Undergrad: 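Here it is, the structure in full.
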2 protein chains.
Amino acid sequence: MSESISMASEAPSPSLLEVLESGGHRSTAPRRAIASLLEKKQEGFSADALSDELPSVGRATVYRTINLFLEAGAICKLATMNGSHIYSICGVGHHHHHTVCVECGAVDEFRADAVERLISELSAEIPGEIVSHRLELFVNCHSCPEIAGG
Amino acid sequence: MSESISMASEAPSPSLLEVLESGGHRSTAPRRAIASLLEKKQEGFSADALSDELPSVGRATVYRTINLFLEAGAICKLATMNGSHIYSICGVGHHHHHTVCVECGAVDEFRADAVERLISELSAEIPGEIVSHRLELFVNCHSCPEIAGG
DNA sequence: ACAAGCAATGATAGGTCATCTCATTATGGG
DNA sequence: CCCATAATGAGATGACCTATCATTGCTTGT
């Protein structure tokens, strides 16, 4: 391996419920339902689709809970090419980037030192101070036949 | 300069009106008004704000015209950290990336071979085929006092 | 210049995604 | 158990964008 790159396909997510506890939030039935569903969906998911799958939970609560996990860093929000947002469980606790399959929407994480090195290089060339960055790779994972088949 | 990087701060934009002509679109008063305003706003701008500044032009027309320029590649659409979209004149005709000032919203373009090299490297390590990518740098340009002063 | 054909326009309705409001409900400590 | 308060949810509201469709106004042929 010439580069330090790490995929996160099978990284176990820390229990979302623990995130609630440690954040001083109550463990309620709606939140447990959302957390449970989220942990099944390592794939990228939209807030609205999630809400549809949980008819017993109010839309507002779904959004609130997602933002709660987002602020805790337990999930990531990323922008797709068409401007909508998808969320994804964050296995890696620190800075990383995402790949999104343009066919099936599967999201994966990767961390590559080369990316961070590049940003450092660019910071010397670019006027101003780089505060943060976003890198998203849109891929075709070539392993999504049945999903695309719908 | 050790790397091949080019900023586009003062690149003159090809006349947006020419884009219309070459695309077989009519040059109408509303479109001219929009094009004219766009060329003044090298800064990032939102479609809605643009519409507000052109009360004489219908919102639908503003959006339609923006999409027209977008499809022609004359302007770029980019996602901010908060999920909204801003547009920016594209001086560079080919693939490039953007810096967005988190203070004043100024958008600049840059093209760096190092970025493309990085993507090539990553493609060897990442499962699937990289279809496209998005890299945005959020910067503090440190030259936006009066704008921030409001 | 005039008419005709059709692209373009704009007022407004509608759609999507997300947040806000606030009366009601559930949680968890004492 | 009781209470203070966090959390919920139905619906309103809002931001942002697209669809509809009757009207307007370019552009070309004559």
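In what follows, chains are A, B, ... by sequence order, proteins preceding strands, each numbered from 1. Computed from a prediction, not measured in an experiment: that's the story for all the values here.
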Undergrad: Please tell me whether B:Thr61 and B:Thr65 have a donor and an acceptor in their side chains that are separated by less than 3.5 angstrom.
TA: no
Undergrad: Does the distance from a Lys or Arg side-chain N to an Asp or Glu carboxylate O, for A:Arg111 and A:Glu109, drop under 4.0 Å?
TA: no
Undergrad: Is any side-chain N of the basic residue among A:Glu136 and A:Arg134 closer than 4.0 Å to the acidic one's carboxylate O?
TA: yes
Undergrad: So do the side chains of B:Lys41 and B:Leu38 get within less than 4.5 Å of each other, counting heavy atoms only?
TA: no
Undergrad: Within this structure, what is the CD1-to-P distance between A:Ile34 and D:dA7, rounded to whole angstrom?
TA: 12 Å
Undergrad: Please confirm whether the shortest side-chain N or O distance from A:Arg31 to OP1 or OP2 of D:dT8 is below 4.0 Å.
TA: yes
Undergrad: Report yes or no: is the SG-SG distance between B:Cys76 and B:Cys90 under 2.5 Å?
TA: yes
Undergrad: Between A:Pro30 and B:Ala47, name the one whose nearest nucleotide on DNA chain D is closer to the 5' end.
TA: A:Pro30
Undergrad: Can you measure A:Arg59 atom CZ to C:dT21 atom P for me and round it to whole angstrom units?
TA: 17 Å
Undergrad: When the distance from CD of B:Glu71 to P of D:dT18 is rounded to whole Å, what number comes out?
TA: 10 Å
Undergrad: To the nearest angstrom, how far is A:Ile66 atom CD1 from D:dG9 atom P?
TA: 14 Å
Undergrad: Would you please confirm or rule out a distance under 4.0 Å between OP1 or OP2 of C:dA8 and any side-chain N or O of B:Arg64?
TA: no
Undergrad: Side chains of A:His97 and B:His133: do they bring a donor and an acceptor to under 3.5 Å?
TA: no
Undergrad: At 4.0 Å (heavy atoms only), tell me whether A:Ser51 reaches a base, stays on the sugar-phosphate, or touches nothing.
TA: nothing
Undergrad: Within this structure, what is the NZ-to-P distance between B:Lys77 and D:dC17, rounded to whole angstrom?
TA: 6 Å
Undergrad: By the salt bridge (charged side-chain N to carboxylate O under 4.0 Å, His left out) test, which pairs, at least two apart or in different chains, include something from residues 59-76 of chain A?
TA: none
Undergrad: Could you check how far CG of A:Leu17 sits from P of D:dA7, rounded to whole Å?
TA: 14 Å
Undergrad: Please report, rounded to the nearest Å, how far the P atom of D:dG9 is from the CG atom of A:Leu50.
TA: 13 Å
Undergrad: Do the side-chain N or O atoms of B:His85 get closer than 4.0 angstrom to the phosphate oxygens (OP1, OP2) of D:dC17?
TA: yes
Undergrad: Less than 4.5 Å apart, side chain to side chain, heavy atoms only: is that true for A:Leu54 and A:Ile34?
TA: yes
Undergrad: Does a side-chain N or O of A:His25 approach OP1 or OP2 of D:dA7 to a distance below 4.0 Å, or not?
TA: yes
Undergrad: Would you indicate, yes or no, if C:dA18 has its OP1 or OP2 atom less than 4.0 angstrom from a side-chain nitrogen or oxygen of A:Asn67?
TA: no
Undergrad: Per the end-axis method with five pairs at each terminus, what is the bend angle of the helix from C:dA1-D:dT30 to C:dG30-D:dC1, to 10°?
TA: 30°
Undergrad: Within less than 4.0 Å of OP1 or OP2 of C:dT19, is there a side-chain N or O belonging to A:Tyr63?
TA: no
Undergrad: With the criterion being N/O to N/O and under 3.5 Å, what pairs connect the protein with nucleotides 26-30 of chain D, and how long is each?
TA:
unit_1 : atom_1 : unit_2  : atom_2 : d
D:dC26 : O2     : B:Arg26 : NH1    : 3.3

Undergrad: How about A:Tyr63 and A:Leu68: do any of their side-chain heavy atoms sit closer than 4.5 Å?
TA: no
